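Encoded as structure tokens, the structure appears first; notes follow it.
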There are 2 protein chains.
Amino acid sequence: MKPSVKRYTIKDIAEQAGVSLSTVSLVMNNNPRISEATRQRVLETIERLGYQPNRLARSLAWRRSQTIAVLLPQLRHTFADVYFGEIISGIHDRATKLGYKVMLEVARAEFIESREYIQLYEQKVVDGMLFIGSNARHEFIREFAGSEYPFVLVNNYSREFDLNYVVSNYRYGAWQAANHLVRLGHRRIGFIAGGLNDIQTSRDIFDSFQQVLQEHNITLEPSQVVDGWLTEEGGRQATEQLLRAHGDLTAIFALNDKMALGALRKLNELGLRCPDDIALVGFDDIPAASFATPALTTVRQPLYDIGKLACEHLIELIHGRASRVQEVVPVQLIVRESCGATKKSVVTTPVG
Amino acid sequence: MKPSVKRYTIKDIAEQAGVSLSTVSLVMNNNPRISEATRQRVLETIERLGYQPNRLARSLAWRRSQTIAVLLPQLRHTFADVYFGEIISGIHDRATKLGYKVMLEVARAEFIESREYIQLYEQKVVDGMLFIGSNARHEFIREFAGSEYPFVLVNNYSREFDLNYVVSNYRYGAWQAANHLVRLGHRRIGFIAGGLNDIQTSRDIFDSFQQVLQEHNITLEPSQVVDGWLTEEGGRQATEQLLRAHGDLTAIFALNDKMALGALRKLNELGLRCPDDIALVGFDDIPAASFATPALTTVRQPLYDIGKLACEHLIELIHGRASRVQEVVPVQLIVRESCGATKKSVVTTPVG
DNA sequence: CGCGACCAGTAAAAGGCTTTACCGCTTACA
DNA sequence: TGTAAGCGGTAAAGCCTTTTACTGGTCGCG
């Protein structure tokens with residue numbers, strides 16, 4: 001790359017405007033020490049020459065890169081997932097608004113082993129990091145527990161360590177879903193799980209869901225809980241397994257919408273009508289949930305907002321305006337057709 | 001953020017190793033001028049102190065940021081799209097391997113108006129850019145036609161301007177799909193379109209598809225072509241419209257898989273069997289295509305590889321090892337169940 | 001009138017690295 | 001023996017900003 005036009009530097013501006021180099025800098029940083037007349041003259045020169053300050057040099061002097069990184073898990077289609085997508089959109093929008101650039105990182109094995117997540121800070125590549133989709137298997141997270149490096153866990157947290165996070169109120173979401181099903185009279189319920197051993201929030205959903213059932217003297221036997229790997233295909237297979245073992249189920253709850261959609265497909269294949277034969281409730285409220293037939297009753301997580309919030313908090317941490325961030329954001333049960341509640345006009349949680 | 005540990009600089013290493021500052025730098029850049037003994041001593045010191053060079057300072061001295069940006073269109077779920085996801089995965093993997101960082105940018109209106117795409121270069125934030133999903137409406141693209149700024153259009157191109165690109169052989173893909181349907185005996189075919197006015201590659205698919213039909217004296221009337229907005233729901237509605245106007249269609253081709261999947265859903269809703277009543281062919285080969293029932297016959301685009309290639313070429317441009325990059329990558333018809341070819345064991349393009 | 005405060009602006013150091021010109025010494029060779 | 005080349009390393013300039021300490025001048029006030 002040979003730049004065709006010679007780029008101007010702050011020095012050029014200073015010469016052209018007939019002031020010192022530092023004056024230009026002060027003007028650019030809105031320092032009130034410079035008189036209005038001089039300020040205007042400098043600004044005019046900047047405008048005229050189309051000068052753009054070199055961000056690398058600025059960052060070097062500032063000791064801040066004004067860049068944050070988003071760390072994503074290494075999945076087959078990480079970037080192709082609505083879940084991550086929504087969150088990243090929120091992050092990006094907020095970061096841009098606050099003058100930060102967003103860098104993408106993937107938690108490959110090598111990334112972890114070479115401790116690149118630390119290098120990014122030490123090499124001053126980033127001022128902070130956002131961790132999406134990290135789980136208990138990601139040992140490296142613990143390194144951040146005591147560190148001074150700004151970071152926020154996005155829609156996840158740890159019981160074990162004292163970390164920064166922004167997370168949905170998964171427990172309350174599961175509580176709503178369970179109560180809804182119970183109130184509709186369901187007592188034989190299947191649970192399609194996923195990540196119960198690795199992911200704290202998955203665990204929360206399960207615990208909370210089960211607790212509600214217990215309070216109503218409904219038992220959830222181990223065979224009523226099947227792992228659907230958090231994928232659509234997994235949800236489909238889990239449904240088959242559930243129905244083979246328990247032909248009398250009247251409802252199924254899936255820990256995320258993708259699995260719920262898989263379950264729906266399996267029900268169709270088996271000729272079972274939803275919600276008449278079997279009610280179905282999901283979690284997340286991904287766009288496809290509302291397009292499904294029947295439209296899926298599910299718990300809505302504000303993923304976009306979670307991304308925004310996490311980003312905002314991260315930047316507060318970077319600027320030292322906060323030292324610990326732990327926020328739980330509300331979720332909401334969205335009652336649609338797949339649970340059968342709409343036709344029977346049962347009184348339920350208000351729908352937004 | 002107050003760094004708890006004092007970070008070492010190249011100066012510290014020089015002192016500790018008893019050499020000059022420049023020697024350390026030369027060692028780090030593998031300059032052969034330094035003797036093996038000195039090199040080892042320096043490396044040992046670097047290792048011992050855990051020194052990490054400041055990337056901002058390096059970039060400033062190099063006049064290169066070692067960072068590229070990926071510019072995405074502003075869609076509702078940009079990041080949540082398999083299409084973009086696959087491409088970005090490819091880009092990211094290759095960039096990382098070549099020592100580049102990947103930055104995310106979204107083509108918001110403001111981004112375009114303030115000409116930030118140019119600022120990114122001038123402020124030395126990035127060394128190059130990759131444009132994904134830009135179309136004829138994105139006027140700004142033309143600015144790059146004559147510029148020296150490294151960039152590559154990913155899976156898109158322009159007939160009007162001389163630009164760098166890496167793009168699938170859409171014409172040949174459509175050619176394969178059309179020939180396949182014709183060979184299977186279909187003569188009344190519906191076409192679900194999208195982006196015909198904005199997107200050159202959409203236009204290519206349409207032109208090529210229609211040309212094949214013409215060669216076989218099959219006409220494609222205007223009412224046989226319906227816009228499905230490139231979305232699943234749009235494909236669903238387009239199918240309804242097609243069948244209402246032409247109840248005698250025996251096959252439908254959709255310009256992308258998402259619309260094909262929507263079409264499939266509509267066929268199910270209408271109680272029409274695919275492929276027995278209506279054959280269906282898509283384009284892209286997104287993961288969901290193979291999971292569908294019946295599995296979708298489609299044209300596979302190597303999206304991941306396209307991302308990799310585009311990234312590779314961009315870096316060649318940055319290093320001045322190339323001045324113009326225009327690559328067309330092959331696509332392949334994947335024959336599955338939705339076209340009915342598999343049962344009849346028709347001779348066709350080999351399947352990978 | 002003399003002094004401290006204030007004002008607008010500047011010089012210089014700092015930020016951390018790369019790179020080039022140069023240096024003193026040894027070797028090779030005519 | 002004189003000289004050119006090679007060797008291993010260093011000093012210093014350069015990359016482009018920010019920021020702090022300082023300066024010279026004006027002003028207000030006791």
Side-chain angles (χ1 to χ4, degrees), chain A residues 1-3 6-43 45-46 49-67 99 119 121-125 127, chain B residues 1 3 5-43 45-46 49-67 99 119 121-125 127:
Chain A
M1 167 189 177
K2 31 197 153 157
K6 192 245 180 271
R7 301 289 340 125
Y8 294 110
T9 71
I10 201 172
K11 202 172 153 196
D12 299 314
I13 306 301
E15 283 169 7
Q16 290 275 329
V19 295
S20 83
L21 194 148
S22 13
T23 303
V24 178
S25 176
L26 293 175
V27 166
M28 292 210 314
N29 292 285
N30 293 315
N31 192 308
R33 195 129 51 95
I34 306 301
S35 72
E36 194 51 31
T38 313
R39 165 189 303 296
Q40 284 308 327
R41 187 149 40 93
V42 171
L43 286 178
T45 312
I46 288 175
L49 301 190
Y51 164 68
Q52 297 283 345
N54 182 318
R55 193 163 166 136
L56 291 173
R58 296 189 109 172
S59 294
L60 183 60
W62 277 336
R63 291 161 204 65
R64 281 192 271 120
S65 65
Q66 296 277 105
T67 302
Q119 292 181 25
Y121 290 99
E122 305 203 330
Q123 298 183 355
K124 302 287 180 201
V125 176
D127 297 338
Chain B
M1 167 188 177
V5 281
K6 193 247 180 267
R7 303 286 345 122
Y8 293 109
T9 71
I10 201 172
K11 202 171 153 195
D12 299 316
I13 304 301
E15 282 170 7
Q16 288 276 329
V19 294
S20 82
L21 197 148
S22 14
T23 303
V24 178
S25 176
L26 293 175
V27 166
M28 292 209 313
N29 292 287
N30 293 316
N31 191 309
R33 195 129 52 95
I34 306 301
S35 71
E36 194 52 31
T38 311
R39 165 189 303 295
Q40 284 308 326
R41 187 148 42 92
V42 171
L43 287 178
T45 311
I46 288 175
L49 300 189
Y51 165 69
Q52 296 282 347
N54 182 320
R55 192 164 166 134
L56 291 172
R58 295 189 109 175
S59 294
L60 183 60
W62 276 336
R63 292 161 203 67
R64 282 192 272 121
S65 65
Q66 297 276 104
T67 302
Q119 291 181 25
Y121 289 100
E122 304 201 331
Q123 298 183 355
K124 301 288 179 201
V125 176
D127 297 337

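None of the values given here were measured: they were computed from a predicted structure. Just the heavy atoms: all of them, side chains too, but no hydrogens, waters or symmetry mates, feed the values below.
- One can place CD1 of A:Ile13 at 13 Å from C1' of D:dT17, the figure rounded to the nearest angstrom.
- The base of D:dA11 lies outside donor-acceptor range of the side chain of B:Ser20, with no N or O pair under 3.5 Å.
- Contact between the side-chain N/O atoms of B:Arg33 and the OP1/OP2 oxygens of D:dG8 is not found at any separation under 4.0 Å.
- Note on B:Arg55: nothing from the nucleic acid sits closer than 4.0 angstrom, heavy atoms only.
- Taking the nucleotide of DNA chain D with the nearest heavy atom to each of A:Ile10 and B:Arg39, the more 5' of the two is matched to B:Arg39.
- Here the CZ-CG distance, from A:Arg39 to A:Leu26, works out to 9.5 Å after rounding to the nearest 0.5 Å.
- Taking only side-chain atoms of A:Arg58, from C-beta outward, the nucleotide of C:dG9, C:dC17, D:dT17 with the closest atom is D:dT17.
- If you measure from atom CH2 of A:Trp62 to atom C1' of C:dA14, you get 16 Å, rounded to the nearest angstrom.
- Note on A:Leu56: nothing from the nucleic acid sits closer than 4.0 angstrom, heavy atoms only.
- One finds no side-chain N or O of A:Ser25 lying less than 4.0 angstrom from the OP1 or OP2 phosphate oxygen of D:dT17.
- Straight-line distance from the CZ atom of B:Arg7 to the P atom of C:dA14: 21 Å, rounded to whole Å.
- To the nearest 0.5 Å, the span separating CD on B:Glu122 from CG on A:Asn54 amounts to 11.0 Å.
- OP1 or OP2 of C:dG9 has at least one side-chain nitrogen or oxygen of A:Ser35 nearer than 4.0 Å.
- For A:Ala61, counting side-chain heavy atoms from C-beta on, the closest listed nucleotide (C:dT19, C:dC17, D:dT17) is D:dT17.
- Looking at B:Val125 and A:Gln66, their side chains never come closer than 4.5 Å, going by heavy atoms from C-beta outward.
- Of the candidates D:dT17, C:dC17, C:dT10, C:dC17 carries the atom nearest the B:Leu21 side chain, counting heavy atoms from C-beta on.
- Proximity of B:Thr23 to the phosphate of D:dG9: no side-chain N or O atom is located under 4.0 Å from OP1 or OP2.
- Distance A:Tyr8 OH to D:dT17 P: 14 Å, rounded to the nearest Å.
- Under 4.0 angstrom from either OP1 or OP2 of C:dG16 there lies no side-chain N or O belonging to B:Tyr51.
- Within the 4.0 angstrom heavy-atom criterion, only backbone atoms of the sugar-phosphate kind lie near B:Ile34; the bases stay farther away.
- Comparing C:dT19, C:dG16, C:dT18 by their closest approach to the side chain of B:Asn29 singles out C:dT18.
- One can place CD of B:Gln52 at 19 Å from P of C:dG15, the figure rounded to the nearest angstrom.
- Each of B:Arg41 and B:Arg63 has a nearest nucleotide on DNA chain D; the 5'-most of these lies closest to B:Arg41.
- Put simply, CD on B:Gln52 and CZ on B:Arg7 are 7.0 Å apart, with the number rounded to the nearest 0.5 Å.
- In this entry the distance linking CD of B:Gln40 with C1' of D:dG8 reads 16 Å, nearest Å.
- Note that OH of B:Tyr51 is 13.5 Å distant from CD of B:Gln16, once rounded to the nearest 0.5 Å.
- A:Tyr121 and A:Asp127 get closest at one heavy-atom pair: CE2-O, 3.9 Å.
- Distance CG (B:Asn54) to P (D:dC16): 17 Å, rounded to an integer number of Å.
- Atom CG of B:Asn31 and atom C1' of C:dT19 are 10 Å apart (whole Å).
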